[in-house]
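Computed from a predicted model, the values in this text were never measured in an experiment.
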Amino acid sequence: MKSHAIIPIFIPHKGCPNSCIFCNQHKITLNEKPVSQNDVAKIIEKHLVTLKSRNLTTVEAAFYGGSFTGLPIEKQSAYLEVASFYKRHGMFDKIHLSTRPDYINDSILSNLKRYGVDTIELGVQSFDDDVLERSNRGHNSSVVYESSRMIHDYDFELGLQLMVGLPGDTPEKSIYSANELVKVNPSIARIYPTIVIEDTELHNMVLAGTYTPLTLNESVSIVKTMYQIISSAGINVIRIGLRSADLVEKAGKNFHPAFRQLIESEIAKTTLDEQLNNDSRLSPLIAEMDRTSGEVAFLPCVPVTLLSNEKSFSNMIGHCKSNKIYFNTKYPLFKFSYEVDNTLADHQYIVV
């Protein structure tokens with residue numbers, strides 16, 4: 001049971017005059033009419049009713065869609081005045097918003113502080129200047145470092161978002177971005193494979209043959225490495241991939257509704273595979289299987305138990321049992337069993 005909940009407040013594409021090649025904000029938010037203060041209050045009230053019966057430790061109101069701090073300061077204040085009222089009265093715990101790195105300055109941050117904003121997420125996308133230029137982001141990477149520094153200085157919680165597979169991107173550049181993100185030291189991060197949405201410049205580039213999206217397997221391979229770099233630095237990766245297939249129903253074959261589980265299943269498989277090959281009891285038998293191309297049916301099966309805690313168990317099994325299939329196919333000599341050990345940490349996997 002999740003102990004953290006978000007009240008999402010979608011603000012249409014009013015706060016961002018820039019036209020990034022991958023963005024069609026109206027399609028993302030599914031909302032084209034202006035949002036009033038009264039609308040914000042209704043959204044909050046509606047969600048509070050459904051959240052009331054849940055045993056939650058943290059509830060936050062989050063402004064999504066467009067770039068919040070690109071709105072006129074009066075409009076920002078109008079929205080935040082509503083959210084701040086509910087926060088001050090103990091109806092939820094935090095106020096969270098998303099914006100662009102080039103829409104941060106002292107006046108904006110002072111105003112956000114005044115209304116009790118807690119978390120600011122920046123849509124960084126990449127730390128590579130060539131990728132940013134080709135994506136028509138309208139700024140270079142130096143802005144990201146400066147805005148992040150200012151957000152830290154004002155004592156906000158910082159979040160950074162990266163996109164993988166934009167024009168000009170490479171696996172090396174994506175991994176560079178992950179390492180640079182770690183240097184900036186946000187509290188939270190998101191990683192999104194680039195999804196081609198209709199009615200965007202990126203979609204036009206696909207039709208013209210000037211851009212080829214990453215395949216699903218390519219995305220998984222790159223994001224897996226980035227996720228490990230970022231999470232091993234103690235940064236909470238709160239999302240990997242877009243949330244709902246409904247938003248990207250025509251987005252192409254590289255979208256997967258369970259993208260995060262693909263990543264975490266792959267990490268579990270790699271972790272267990274390394275342990276199997278380094279186990280002094282099992283490695284001689286693995287060498288024999290390799291030598292005989294797996295034709296070892298005449299040998300007795302060796303019991304092998306794979307362990308994780310309950311929360312990580314589905315990742316150990318793999319999406320659609322992919323890891324079970326992998327291990328049974330690769331190691332026909334072993335008789336695998338999968339068990340829960342709740343003394344293990346999340347994402348910790350053990351061979352016994």
Taking the side chain as every heavy atom from C-beta outward, state whether I191 and I230 have any atom pair closer than 4.5 Å. yes

Please check if the side chain of T194 supplies one atom and the backbone of M163 the other of a donor-acceptor pair under 3.5 Å. no

Answer yes when K94 and E157 have at least one side-chain N-carboxylate O distance shorter than 4.0 Å, and no when they do not. yes

List the atom of L344, the atom of N309, and the distance in Å for their closest heavy-atom pair. O-ND2, 3.2 Å

Starting from Y145, can I reach L109 by hopping between I/L/V/M/F/W/Y residues whose side chains sit under 4.5 Å apart? yes

Classify the side-chain pair Y349/N323 by whether it contains a donor and acceptor separated by less than 3.5 Å. no

For the residue pair A233 and V182, what are the closest heavy atoms and their distance? CB-CG1, 3.6 Å

Would you compute the distance between atom CG of L262 and atom CG of N217 and round it to the nearest 0.5 angstrom? 9.0 Å

To the nearest 0.5 Å, tell me how far F92 CZ sits from I6 CD1. 12.0 Å

Answer yes if the side chains of R114 and S110 hold a donor-acceptor pair under 3.5 Å, and no otherwise. no

Determine whether L333 and L306 fall in the same hydrophobic cluster, where Ile, Leu, Val, Met, Phe, Trp and Tyr are linked whenever their side-chain heavy atoms lie under 4.5 Å apart. yes

Side chains of S142 and N140: donor-acceptor distance under 3.5 Å anywhere? yes

Which heavy atom in G138 sits nearest to a heavy atom in D102, and how many Å separate them? O-OD2, 4.0 Å

Linking I/L/V/M/F/W/Y whenever their side-chain heavy atoms sit closer than 4.5 Å, directly or via other members, would Y331 and I350 fall into one cluster? no

Side-chain donor-acceptor pair present, S36, D39, cut-off under 3.5 Å: yes

Closest heavy-atom contact between D128 and S177? N-OG, 4.2 Å

Near K321 NZ, under 6.0 Å, is it more than 12 heavy atoms from other residues, nucleotides or ligands? no

Angle between ring planes, H347 versus Y227, binned at 30° and 60°: parallel, tilted or perpendicular? perpendicular

Between D169 and S174, does any side-chain donor sit less than 3.5 Å from a side-chain acceptor? yes

Contact check, side chains of N278 and S283, non-hydrogen atoms, under 4.5 Å: no

Side-chain donor or acceptor of T57 paired with backbone N/O of S3 under 3.5 Å: yes

Using the six-membered ring wherever Trp is involved, compare the ring planes of F336 and F327 and label them parallel, tilted or perpendicular (cut-offs 30° and 60°). tilted

Distance-only, no hydrogens or angles: does the D93 side chain make a donor-acceptor pair with backbone N or O of V59 under 3.5 Å? yes

Gap between atom CD of E180 and atom CG of L162 - 0.5 Å precision: 10.5 Å

Between H319 and H256, what is the ring plane arrangement, given parallel below 30°, perpendicular above 60°, and tilted in between? perpendicular

Between T200 (side chain only) and I197 (backbone N and O only), is there a donor and an acceptor less than 3.5 Å apart? yes

Minimum side-chain heavy-atom gap D130-K173 below 4.5 Å: yes

Can you tell whether the side chains of R137 and E133 come within less than 4.0 Å, N to carboxylate O? no

Are I195 and M205 connected into the same hydrophobic cluster when the rule is that any two of I, L, V, M, F, W, Y join if their side-chain heavy atoms are below 4.5 Å apart? yes

Nearest 0.5 angstrom please: S98 OG to R190 CZ, how far? 6.0 Å

Which pair of non-hydrogen atoms, one from P193 and one from S219, has the smallest distance, and what is that distance? CB-OG, 3.9 Å

Measure from the side-chain N and O atoms of H152 to the backbone N and O of N185, and report whether any donor-acceptor pair falls under 3.5 Å. yes

Listed by chain and number, what are the ring-ring contact (aromatic ring centres under 6.0 Å, His included) partners of Y79, not counting sequence neighbours? none

When you compare the side chains of S77 and N111, does any donor N or O come within less than 3.5 Å of an acceptor on the partner? yes

Side chains of I188 and R239, heavy atoms from C-beta outward: is any pair under 4.5 Å? no

Side chains of T212 and V206, heavy atoms from C-beta outward: is any pair under 4.5 Å? no

Could you grab the distance from atom CG of L132 to atom OG of S126, nearest 0.5 Å is fine? 5.0 Å

S67 side-chain N/O to T99 backbone N/O, donor-acceptor pair under 3.5 Å: no

Side chains of N315 and S312 only: does a donor on one sit below 3.5 Å from an acceptor on the other? no

Quick one: does T50's side chain have a donor or acceptor within less than 3.5 Å of a partner on H47's backbone? yes

K87 with D118: basic N within carboxylate O range, under 4.0 Å: yes

Flag for Q125-Q161: side-chain donor and acceptor within less than 3.5 Å: no

Could you check whether atom CZ of F85 has more than 12 heavy atoms from other residues, nucleotides or ligands sitting under 6.0 Å from it? no

Could you go step by step and tell me if V49 and E45 meet the side-chain contact (heavy atoms from CB on, under 4.5 Å) rule? CA-CA 6 Å; V49 170; E45 293 280 359; 5.6 Å; no

Minimum side-chain heavy-atom gap F68-L80 below 4.5 Å: yes

Taking all heavy atoms of H96 and all of E121, pick out the closest pair and write down the distance. NE2-OE2, 2.6 Å

Does the side-chain contact (heavy atoms from CB on, under 4.5 Å) test come out yes or no for F156 and L112, once each step is laid out? CA-CA 9 Å; F156 292 100; L112 299 182; 3.8 Å; yes

Any chance you could measure L158, atom CG, to I151, atom CD1, to the nearest 0.5 Å? 5.0 Å

Give the intermediate values and the outcome of side-chain contact (heavy atoms from CB on, under 4.5 Å) for residues I43 and F10. CA-CA 10 Å; I43 292 167; F10 288 98; over 6 Å; no

Below 4.5 Å, heavy atoms only, C-beta onward: do I44 and M91 meet side chain to side chain? no

Between K269 and M316 (side chain of the first, backbone of the second, donor and acceptor by atom type, cut-off under 3.5 Å), is there such a pair? no

Are I267 and I238 linked, directly or through intermediate hydrophobic residues, by side-chain heavy-atom contacts shorter than 4.5 Å (ILVMFWY only)? no

Within the side chain of D279, is there an N or O that forms a donor-acceptor pair under 3.5 Å with the backbone of Q275? no

Okay, side chain of T69, backbone of Y103: is any donor-acceptor separation there less than 3.5 Å? yes

Can you tell me if D129 and S141 form a side-chain donor-acceptor pair at under 3.5 Å? yes

Without hydrogens or angle criteria, can the side chains of T305 and S337 be said to hold a donor-acceptor pair below 3.5 Å? yes

Side-chain donor-acceptor pair present, D341, T343, cut-off under 3.5 Å: yes

Side chain to side chain, I175 and T170, heavy atoms closer than 4.5 Å: no

Only one of L282, L285, L272, V352 clears side-chain contact (heavy atoms from CB on, under 4.5 Å) with V304; which? L282

Does R149 pair with E146 as a salt bridge, N-O distance under 4.0 Å? yes

Tell me yes or no: between the side chains of N204 and Y211, is some donor less than 3.5 Å from an acceptor? no

